Amino acid sequence: MSTSPATISASGSTTDRVGSLADVHEAAERVLPDLPTDPVMEALDLNVYYGDFHAVHNVNLAFGRNEITALIGPSGCGKSTVLRCLNRMNDLVAGARVEGEVSYHGQNIYARGVDPIAVRTQVGMVFQKPNPFPKSIYDNVAYGPRVTGMKVENMDDLVEEALRGAALWDEVKDKLKQSAYGLSGGQQQRLCIARTIATKPDVILMDEPCSALDPIATSRVEDLMISLREDYTIIVVTHNMQQAARVSDRTAFFTARPDETTGNRTGLLVEYNLTSNIFSNPNDKRTEDYISGRFG
Amino acid sequence: MSTSPATISASGSTTDRVGSLADVHEAAERVLPDLPTDPVMEALDLNVYYGDFHAVHNVNLAFGRNEITALIGPSGCGKSTVLRCLNRMNDLVAGARVEGEVSYHGQNIYARGVDPIAVRTQVGMVFQKPNPFPKSIYDNVAYGPRVTGMKVENMDDLVEEALRGAALWDEVKDKLKQSAYGLSGGQQQRLCIARTIATKPDVILMDEPCSALDPIATSRVEDLMISLREDYTIIVVTHNMQQAARVSDRTAFFTARPDETTGNRTGLLVEYNLTSNIFSNPNDKRTEDYISGRFG
Amino acid sequence: AGGGASGTVAVDGSSTVFPMSNAAYELLSEESPGVQVTVGASGTGGGFEKFCSGETDISDASRPIKDEEAEVCKKNDVEFTELQVATDALTIVAHKDLAVDCLTTDQLIKLWGPNSKVDNWKQLDPSFPDQEIKLFGPGTDSGTYDYLAADVIADESESTRKDYEASEDDNVLVQGVSGTPGGTGYFGYTYFEENADSLKALAIDDGDGCVEPSAETAQAGEYTPLARPLFIYTNNAKYTGNEAVATYTDFYIENLEAIAEAAQYIPLSEDQYAETQSALEGIGS
Amino acid sequence: MSSVAARTARDLTRITTGRSRDRTPGSLIFLGGLWFSLFFGVMVLIVLIVTTAIDGAPRFDGALFTAYDSTLAPERTGFRAGILGSIWLMFTTAVLAVPLGIAAALYLEEFADNGRWYNRFIEVNLQNLAAVPSVVYGLLAVAVMALMGFERKGIVLGGAIALAMLILPVIIITTREAVRAVPTEIRHGSLALGATVLQTTWRQTLPSAVPGIATGTILGLSRAIGEAAPLLLIGLAGAVRFDPAGIFSPVTALPIQIYSMTSQSQEAYQQAASAAIIVLLVMILSLNALAIFIRNKFQRSW
Amino acid sequence: MSDAHTGAGSSLGTGLPGVPPDLSGRSRPGERAIQAVLFTSALVSVAITVGIVVALVRPVVDFFADVPFGDFFALEGDLAVVPLVAATFVVTAIAMLVAVPLGLGAAMYLSEYASPRVRKVLKPTVELLAGVPSVVYGFFALAFVTPTLLQKILNLEVGFTNALAAGLVLGVMIIPTIASLAEDAMAAVPQAMRQGSLAMGANRMQTTLRVVFPAALSGIAAAVVLGLSRAVGETMIVALAAGARKNLSIDPREGMQTMTGFIAQTAGGENPVGSTSYNMLFAVGLLLFVITLIINIISISIVRRFRQVY
Ligand SMILES: Nc1ncnc2c1ncn2[C@@H]1O[C@H](COP(=O)(O)OP(=O)(O)OP(=O)(O)O)[C@@H](O)[C@H]1O
Ligand SMILES: Nc1ncnc2c1ncn2[C@@H]1O[C@H](COP(=O)(O)OP(=O)(O)OP(=O)(O)O)[C@@H](O)[C@H]1O
Ligand SMILES: [Mg+2]
Ligand SMILES: [Mg+2]
Ligand SMILES: O=P([O-])([O-])[O-]
């Protein structure tokens, strides 16, 4: 039951050598400057510690407006840690300590007087495992506007708009009052995205948003990310390099380096570039080893 | 800080197109018949249920003597479940029920009168997370021979032999009495392999043995697997396709199919073939999608 | 008595007598440490039931054994000897601040009678203060209760009213009455004497004017109708068969005056004591 | 959806000015309420200890520990019999309950097949037993002692039977938790090497669970040592003037002595009871501290 | 323990053809025996339950042979149980009024606000409250709460024994039961749920009340119900502080005898085996057992039925 190459090409590469990541990327590529010119967020000399453990070392990164930036790297290299710094979710981790700056529209979100809650209403987040609340679909979406005290003229309209934005409306419009737990995993994840955009954030962080989903749901969410790029700045962590290649404009590759004395592994940024460059022509041997599958 | 292609070639492919899995495989390939001629173990119409949930559907697989067979597929497709059937570790899962046969040297290990403990002394197992016992290194290795009542002339020799077999002897010979918890993750995993071969099994099952390890430890364990192939039959679950390509002789690709009414996802075997064929010329579109990274 | 004696003695029964039996043991334990006594205070009635089933060796009682109880003893082949050990003045106590000093026997019966609905001091006598009455008293298994019900109220139902706070532990009653304005209750004289600074005792007028409870009035027979004898009952077989029981009983009676004094009880008159001594000698012969 | 530019202008004011939304009046009142809830109990405990200690202060003397209960000299009454009795009861209870509890816990956790109705029944039954009032255990112990033909029930054995039944569920439940905390990986590692379930339990699970079991057992015993109700039912006398000497010896216990003394009106007894309460609390708090120490010191975090 | 089960060793030189390994079952008599011992130990818990039922039911049958049902389930009379049940209800209600809000508040603080370090100190401290013997609480109610707190400070007209003091102290005693179990339930709410809420700009209070609390509701309900069953069954506090008078009243300032109070006070030993009053003790004990059993079953089934599958 072999499939002809012609059929495969529908969604990407047409080569008979399966899986060249550079090829995968072509489909999504846009013309962009080498570095983001007007970054929405920037990490400046970011260091993160969990207690005594130095988890992330000196990261400098800029995230461009209306771009999708992918963070990739082997397990434990600090991708999620960096992501969580961007909306101060790390505040919630006991013992976590952040040094350096994260600037959002030029303001350091770690400065004194900044309300992390206000940051989070601007910088939304979608998690690896879909985590809808044990409430109805409607209440899930309305939750954010309600708790942030957003002035909403008509909640029904807002819910509909958010669900449409997350490409979920048609599937759930008849069961808005039912529990969100009745949805499939992929629907739940899109619900979580709808929930996030209902509060009209500026930036959306996503931590491996598809790793718990099946292929069809994955491709739905990927399409959604690309369409959301029009209105939002998206930063996504993924361990699926093909996904990074498919959806992102820029890619940052992290790895972890063991400390010689303690053996603790500290994450660091190896290479940051346009996605097409990372996959077709990486500058660093470690990047190349990783994307060619020699480890990870 | 770019690296020249010449440097990369040291450990594999020399192409400038990064990451063709078929290429990765060349290095490890041997000449083997299309199907194992004298299988040590065979799964025949294997179905596994967890309570009402049909986890694995009708798997037929044969594992050849002194071969490494890789089981690959997306998360939840039942790889671990199938593996655990091969030494009756599923007996320990409450509610798990196995239908069909697993034959070992022609004997159905699920037949009446078969002692699962005897099966497990023949079919050893290495787990995803290194799980040394909270004992000394020596006692970890000696544990199996002791509890199975193996007749051992000289335990010290046996321990040394097993540790040498797991390529760990030189690193631990001076601290055999120290706790196994003092070892690094990779060393712990090799200790678990040493512990398994100390009982002189026939088959070794490995469930993602490297997924908790760093690149260097991973390549050590991979080398070890290839050298163990001389004496043992190895069956390994991995989610790292490159790893399957690097070490295995044959690869079985599983996926999960959602039930139309319940939405439960049942695992099934899609394709089983020589590893070189799976990666260069898969027969099934789903295999191709998976190894080219379109999902998973 | 024999300093080398050893064994265990189980004493239970009247809580009125309890301090005395306990004091007896306490004094004995200095010279015969081998004798181990446990003294319980479950009330006279409860004590007899255990005594007559053979569970205990000695029963304390604040009234004589009833015929029904003696019947049970007989059925279980428990032969016993009654020994009077002291005299008690059943004392009617009240909260310290209560503006009442004396009750007539009739008022007492009106207050505690089985059908009494009296709940204000004023209802007993218009000169009494307008204050709610809170009642405390021993439970129905107690000899003190029986004495008030059967010998003082003497209603045919042989009971008192029921809507009072009941406790076998007279000390609970002391605290209840002293802690509750308008409270009143009744129990053995000793308990009153021990707590004379937190309670007041009401004098009783049995027709001859108000008489205060005291050792003298009780011994002189003036404190009527509330003066009464206290007893211990000894199991004859245990007395002869168990060295410890004999040692304890002998010591008890021999030192009765000292014990009564130590425990602040009203000692027996000489005649009464002689009677008790001869009863003791009669055991086993 | 509003334009990005418009949003930006708003952002700049939004994230810095104003107080944090964790600091709104409503949030602060709520937090204050939570603080109050948390410290109310602790406050009560402090008041309890302080007032009792003040009441008992005149009686912190040697006689408190060495003298027996006294009617003749209330100001020198002591708790020797109760303290020794409680210790005897505690050890006898431990001997009865601990091996039984550990064995039952190991069966339920390591051997029982939860698909079987009788194992599920044992499970539910155990949850119920844990919440049976302690007086009911007293009633049961009375019946058990009568069944065993004891005329006198207020002896060490009688009290210990009541207490052992009372803390058995506690020991079983905490032992199961300790056993469950040993990672399945260790168990599977052992079983995959061909060890039997029993070997795995004896050589891997049990040694790793010892600190947890010890903690649970100590907590169970500290509960037993403070219990009065079941002992009252089994008929422990308040006034005992000799040391317990064996499991058939009549006995009293510290809480029983306290109980019989709290209801005595004389000042001297009140003081003695207060002092004895402090002694009892010290015993119980030390046991608790020991349990916490063992938990923190020896419990492996996997 | 013996390891000597028959040789499962390897004779099979790594896959020698033609020598099929022996997989047949071994008999392990030692293991069997030990398993039987362990199973028997587990059965002891069942034996205890059966024992409770038998020990309670037999005297109760005798009791009802002498006493008509009507006399027992009567509002007043020597053998009436209704006043005892009513008093139990009053005292328990007061205790729950104290323990539910405070217990849940403490649980929310521990689970949602306290850092792990703080929790590690505070949780055992709160649990210490449950370790204080009830006779000590009873003494405290009698020696401090009634005379000092209620009579002096609050100037209430309460008796020496009263339901209020007993209920308040009982409430304090069950705070840790409720706090600890409710905290477990809230801690079991996945972190992801909290993060989801916080990531949307909710503050902690909103997250606690709108997400964590509802998600943990079944566990919290079970905690409250278990606290209820503790309160109903607690003995020494009420025996000392609630009073010894059968009193069909709902005025908490009055003294009243609860079911457990009756058992403890009547059990002082004055009731020899077989007498009606002795058997009444068991009748009340059985009623108490049945009531707490029903409450427990409710608690267990709440947890079963509504266990969240997050
Ligand atoms: N809450 C925490 N406390 C202590 N250490 C932590 C914590 N969270 C993460 N770490 C450690 O920090 C390092 C980086 O973790 P992080 O989760 O950021 O990695 P990651 O790149 O996202 O990995 P993955 O791909 O597995 O999600 C790891 O070593 C991890 O063990
Ligand atoms: N003990 C269990 N009880 C119930 N269901 C289980 C159990 N173990 C596994 N499953 C289910 O069976 C299916 C197959 O699981 P399995 O662990 O075999 O998958 P897998 O292919 O090994 O996945 P992964 O790559 O994530 O390890 C999954 O849907 C899983 O949820
Ligand atoms: Mg991560
Ligand atoms: Mg798996
Ligand atoms: O305890 P009594 O003396 O009243 O029987």
Side-chain angles (χ1 to χ4, degrees), chain C residues 6 8-12 15 18-30 32-42 46 50 53-57 93 167-179 187 190-199 258-259 261-265, chain D residues 63 67-78 80-82 84-85 142 145-146 149-156 158-159 231-246 248-253 256-270 272-273:
Chain C
S6 69
T8 63
V9 185
V11 183
D12 204 342
S15 55
F18 168 84
M20 220 174 136
S21 294
N22 215 24
Y25 173 41
E26 210 174 324
L27 291 172
L28 172 66
S29 63
E30 277 155 29
S32 298
V35 177
Q36 303 184 334
V37 185
T38 54
V39 186
S42 351
K50 283 185 173 179
S53 69
E55 263 183 66
T56 53
D57 307 319
V93 296
S167 177
E168 297 312 326
D169 196 333
D170 302 67
N171 292 305
V172 172
L173 306 179
V174 171
Q175 298 222 0
V177 175
S178 64
F187 40 69
T190 320
Y191 285 98
F192 164 68
E193 215 178 21
E194 280 172 359
N195 299 286
D197 48 351
S198 58
L199 290 170
I259 292 168
E261 219 149 82
Q264 303 182 320
Y265 274 73
Chain D
Y68 295 110
D69 173 83
S70 174
T71 319
L72 301 178
E75 64 291 339
R76 271 186 291 108
T77 194
R80 179 190 173 111
L84 290 174
V142 170
M145 289 297 281
F150 283 97
E151 208 171 66
R152 288 198 78 132
K153 303 187 182 71
I155 59 176
V156 173
L231 299 181
L232 210 57
L233 289 197
I234 200 85
L236 255 61
V240 169
R241 298 184 49 79
F242 51 88
D243 299 340
F248 301 113
S249 168
V251 72
T252 187
I256 293 289
Q257 269 200 290
I258 291 170
Y259 175 67
S260 54
M261 235 165 244
T262 49
S263 48
Q264 307 207 6
S265 54
Q266 282 156 285
E267 186 65 20
Y269 286 126
Q270 295 292 312

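Source: prediction; values computed, not measured. Here is how names work: the chains are called A, B, and so on, in the same order as the sequence lines, proteins then strands, and each is numbered from 1. Basis for what follows: all heavy atoms, side chains included, without hydrogens, waters or symmetry-related copies.
Annotation: side chain of C/T38 is in contact with side chain of D/F242 (closest heavy-atom distance under 4.5 Å). Annotation: side chain of C/N22 is in contact with side chain of D/D69 (closest heavy-atom distance under 4.5 Å).
Contacts of C/S29 with chain D are made by side-chain atoms alone, with heavy-atom separations under 4.5 Å and no backbone atom involved.
Separating the CG atom in D/L72 from the CD atom in C/E261 is a distance of 12.0 Å, to the nearest 0.5 Å. Note that OH of C/Y25 is 11.0 Å distant from OG1 of D/T71, once rounded to the nearest 0.5 Å.
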